[in-house]
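Worksheet for the structure shown next.
Nothing fancy with the numbering, it's 1 onward along the sequence.
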Amino acid sequence: MKGLKLVKDGGFLATCSCSHFMTQELLAKTVKEAAKATHKRLRQVEFRTQGPDHPILWANSANVPESYYLKFFIFQVVDEK
């Protein structure tokens, strides 16, 4: 939330998590709550995961959760009016 407060109107926020415990949904929810608390509007520009040299492993039709560790968002920040 502190970082989001520093981004000026029209600027960009890059945020990520490298923990498999932080799901994509939980990271998005956390950023959404921070935006609401700081009265900012976010426009998602990009979402990525780790590179092909760190593949997300699947076994028996179930994801191996510790192999899906990197989630990376880029948002454009707009002050709420």
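- Rounded to the nearest 0.5 angstrom, M22 CE and C16 SG are separated by 10.5 Å.
- Residue K8 holds its NZ atom at 10.5 Å from NZ of K40, rounded to the nearest 0.5 Å.
- Note that OG1 of T38 and CD of E33 are 11.5 Å apart. Values are rounded to the nearest 0.5 Å.
- L70 and L57 fall into different hydrophobic clusters, where Ile, Leu, Val, Met, Phe, Trp and Tyr are joined by side-chain heavy atoms under 4.5 Å apart, directly or via other members.
- A cation-pi arrangement is present between K71 and Y68, with the terminal nitrogen or guanidinium carbon under 6.0 Å from the aromatic centre and inside a 45° cone about the axis.
- For the pair E66 and V64, the minimum side-chain heavy-atom distance is below 4.5 Å.
- V31 and F75 get closest at one heavy-atom pair: CG1-CE1, 3.7 Å.
- From L26, atom CG reaches atom OG1 of T30 across 4.5 Å, with rounding to the nearest 0.5 Å.
- For the atom pair CG (L4) and CG (L13), the distance works out to 5.5 Å, reported to the nearest 0.5 Å.
- Using the six-membered ring where Trp is involved, F47 and F73 have ring planes that are tilted, between 30° and 60° apart.
- Here the side chains of I56 and Q50 are in contact, with some heavy-atom distance below 4.5 Å.
- Here the side chains of V45 and F12 are in contact, with some heavy-atom distance below 4.5 Å.
- The CD atom of Q76 sits 9.5 Å away from atom CZ of R41, with the distance rounded to the nearest 0.5 Å.
- Linking Ile, Leu, Val, Met, Phe, Trp and Tyr residues whenever their side-chain heavy atoms come within less than 4.5 Å leaves V78 and I74 in two separate clusters.
- Taking R48 as the reference, E46 meet the side-chain hydrogen bond (donor to acceptor under 3.5 Å, both in side chains) condition, with sequence neighbours excluded.
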